[in-house]
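Proteins come first, then strands; the chains are lettered A, B, ... in the order of their sequence lines, and each starts at number 1. Everything numeric here is computed off the predicted structure, so don't read it as measured data. All values below come from the heavy atoms of this structure, side chains included, with hydrogens, waters and symmetry mates left out.
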Amino acid sequence: MLDLKLIREETEQVEKALARRNGGFTIAPLLELDKDHRKVLADWEALNRRSNEISDLFKMGKAAKEEIEALRNETKEIKKRREELEQTKREIEEKFTLQQLSIPNTPDPAVPDGPDETANVEVKVWGELPKIVNPKHHYELGADLGVFDFERGVKLAESRFTVLMHMGARIERALMNFMLDMHGGKGYQEVFPPILVNRDCMIGTGQLPKFEGDFYKCVDDELYLVPTAEVPVTNLYRDEILEEANLPIYHCAYTPNFRREAGAAGKDTRGYIRQHQFNKVEIVKFALPESSEEEHEKLTRDAEAVLEALELPYRRVLLCAGDMGFCARKCYDLEVWFPAQDKYREISSCSNFGDFQARRANLRYRPADGGKPKYLHTLNGSGLAIGRTLAAILENGQQPDGSVKLPKALVPYLGGITHLQKQEKSSPVEAK
RNA sequence: GGAGAGGUGGCUGAGUGGUCGAAAGCGGCUUCCUGCUAAGAAGUUGUAUGGUCAAAAGCUGUACCGAGAGUUCGAAUCUCUCCCUCUCCGCCA
């Protein structure tokens, strides 16, 4: 959420910044509620003040006997009026909070204008595109090689759930370990958080209250299946005050992720690109405000390093204001090459949230000089989405004979296997 | 799931219905002292929000002792409900 003081004092600038996003966000209703709230608050406080005065009179035994009855009556009056005011106050506060939590972050000045992904700016291209004649889609290769079983995934759950079979399961697990090891080596401390989180977490990182329909929820327990490890990891230090000396903090985490993909009907219906459940290794940073810009560049590099180690061609794009997520102040997407689609597809999203999430989640640090606690900055990036990585490995590594050459970096994680061959007969079940 | 104990500031931990934003200790900050370090002495130190002020400081109002409701002129303190934590028992990978 945005700094209320900033909204009050630099209304115009905030409005301008928000106008760059899609969705017609405006802070006018919030300011209106703020005004109302302050008015009610002033009246309410005046009543409290008077009733405190009255009890002081009793306390000191100052109240003359003949006054006591009058004072008691006055208190009763105050109580009645206060209850009315409290009712109004509560209503305003509810609306205010909802408004406040529903306004997205302001884009960084460095973020380009634009309505959607067509206005994103390519800032970097890495790797040579493989030369493949009539490339097959990852899902075709995967079916041939016994990596995916889409039909049985649907049988077990519903559409957009997939079973990984045999080498598919092994590569997925290898990728998870490979990525965690890689980030661990760069100072990201590994964590394995709960996969179900409470509502406060979801509000803290900005998923709620705005996007209620996008997530899986356990109704009986008011718990949500995490849509990304960002949620539990960023909330690790919610309502805490960290020491400046301990910052920045780097974490990496593997979790499965669950998204309802509301509104994604018809998109990527085939294959392993868009699933309701997918695995991801996430990298998360808690940084000092003055260094978050630099940390963002480094974090993006750390995600890119995974693609490079896996020999996957990619590009980095700077998202335009209209394409950025709700909480982001600035965001780079990494897009990996899919030969059969003949295009780059998102595989990582690296964001700097500024203090936006920190305000929501009350994440603060105590400055080294002992001053008042300040909000820190949060950042995160996929490092990487594992399912899409697997798909990209299949497509980019496909050979004329139908096999798939696996990235060298992964071989030690696969017991020395260098190629994915067509399913051997010994396999108990042939995937469809 | 059953029984019991408990939730107080950055942390530990006192708290009699009014003198309690709250003892004490730790930690932090400032100053002093010892050649440095260690140790010591004194002082200071919660958060949010409003007013006063050009602004800061200062002064000052209000709220906050897990959450909500109640009793009372007045609640950290008494009552009720809920949430959470801990201990023991049961169950369980």
| request: Could you tell me whether the phosphate oxygens of B:A63, OP1 or OP2, come under 4.0 Å of any side-chain nitrogen or oxygen in A:N52? | output: yes

| Considering Watson-Crick and G-U wobble pairs with both distances under 3.5 Å, what does B:C78 pair with? | B:G70

| request: Can you tell me the distance, in whole Å, between the CD1 atom of A:I92 and the C1' atom of B:U49? | output: 16 Å

| query | A:W44 side chain: which of B:G10, B:A63, B:C73 is closest? | reply | B:A63

| In whole Å, what separates the P atom of B:G46 from that of B:G7? | 23 Å

| query | So, is A:R49 near the phosphate of B:U62, with a side-chain N or O under 4.0 Å from OP1 or OP2? | reply | no

| query | Within the modelled atom types, does a donor on one side and an acceptor on the other bring the side chain of A:E45 and the base of B:G61 under 3.5 Å apart? | reply | yes

| With both distances kept under 3.5 Å, what pairs with B:G9, Watson-Crick or G-U wobble? | none

| Nearest heavy atoms of A:G114 and A:A119, plus distance in Å | CA-CB, 3.6 Å

| Is there a side-chain polar atom (N or O) of A:K79 under 4.0 Å from OP1 or OP2 of B:U72? | no

| Base, sugar-phosphate alone, or nothing: which one does A:K76 contact when heavy atoms must sit under 4.0 Å apart? | nothing

| message | Any strand counts, and the cut-off is 3.5 Å on both contacts for Watson-Crick or G-U wobble. Which nucleotide pairs with B:C92? | response | none

| If the C1' atom of B:C92 is compared with that of B:G15, how far apart are they to the nearest Å? | 42 Å

| task | Determine the interatomic distance between C1' on B:G21 and the same-named atom on B:U62; round to the nearest Å. | result | 13 Å

| field | Protein-nucleotide distance (A:E86, atom CD; B:A63, atom P), rounded to Å | value | 11 Å

| query | Under 4.0 angstrom, heavy atoms only, what part of the nucleic acid is A:R8 near: base, sugar-phosphate, or nothing? | reply | sugar-phosphate

| note | A:D56 atom CG is separated from B:U72 atom P, nearest whole Å, by 20 Å

| Is B:C59 paired to anything, Watson-Crick or G-U wobble with both distances less than 3.5 Å, and if yes, which nucleotide? | B:G51

| task | Give me the one residue out of A:T378, A:T205, A:N105 that meets side-chain hydrogen bond (donor to acceptor under 3.5 Å, both in side chains) with A:Q357. | result | A:T378

| query | Between A:Q277 and A:Y216, does a side-chain hydrogen bond (donor to acceptor under 3.5 Å, both in side chains) hold up when you go through it step by step? | reply | CA-CA 10 Å; A:Q277 174 186 335; A:Y216 290 98; over 6 Å; no

| field | Flag for A:N362-A:R364: side-chain donor and acceptor within less than 3.5 Å | value | yes

| query | Can you check the A:E53 CD to B:U60 P distance for me, whole Å? | reply | 15 Å

| task | Using the P atom on both, measure B:C11 against B:A5 and round to a whole Å. | result | 26 Å

| message | If I take atom CG in residue A:D239 and atom C1' in nucleotide B:A67, what distance separates them, rounded to the nearest angstrom? | response | 14 Å

| task | Quickly work out the A:D36 CG to B:U49 P distance and round it to whole Å. | result | 19 Å

| field | Comparing A:P373 and A:E243 on RNA chain B - which has the more 5′ nearest nucleotide | value | A:E243

| To the nearest angstrom, how far is A:L242 atom CG from B:G28 atom C1'? | 16 Å

| Nearest-Å distance once atom C1' is located in both B:U34 and B:A48 | 43 Å

| task | Answer yes or no on whether A:R329 is positioned over the face of A:F353, meaning its NZ or CZ is under 6.0 Å from the six-membered ring centre and within 45° of the axis. | result | no

| query | Is it true that A:E282 and A:K280 have a side-chain N and a carboxylate O under 4.0 angstrom from each other? | reply | yes

| C1' spacing across the pair B:A75 / B:G18, given as an integer number of angstrom | 10 Å

| task | Please measure how far the C1' atom in B:G9 lies from the corresponding atom in B:A23, and state the result in whole Å. | result | 13 Å

| query | Taking a pair as Watson-Crick or G-U wobble with both distances under 3.5 Å, which nucleotide is matched to B:U37? | reply | none

| If you pin A:R72 and A:A46 to their nearest nucleotides in RNA chain B, which one's is more 5'? | A:A46

| task | Verify the contact: side-chain N or O of A:R38 to OP1 or OP2 of B:U49, cut-off strictly under 4.0 Å; return yes or no. | result | no

| task | Starting from C1' on B:U62, measure out to CG on A:L47 and report it in whole angstrom. | result | 12 Å

| task | For B:C64, give its Watson-Crick or G-U wobble partner with both distances under 3.5 Å, or none. | result | B:G46

| For B:A23, which nucleotide in any strand shown is its Watson-Crick or wobble partner with both distances under 3.5 Å? | none

| task | Please measure how far the P atom in B:A22 lies from the corresponding atom in B:U47, and state the result in whole Å. | result | 14 Å

| NZ/NE/NH1/NH2 to OD/OE distance under 4.0 Å, A:D355 and A:K374 | no

| Of the non-hydrogen atoms in A:P248 and A:E295, which two are nearest, and what is the gap between them? | CG-OE2, 3.5 Å

| Where the side chain of A:F58 is defined as all heavy atoms beyond and including C-beta, which of B:U47, B:G18, B:U62 is the nearest nucleotide? | B:G18

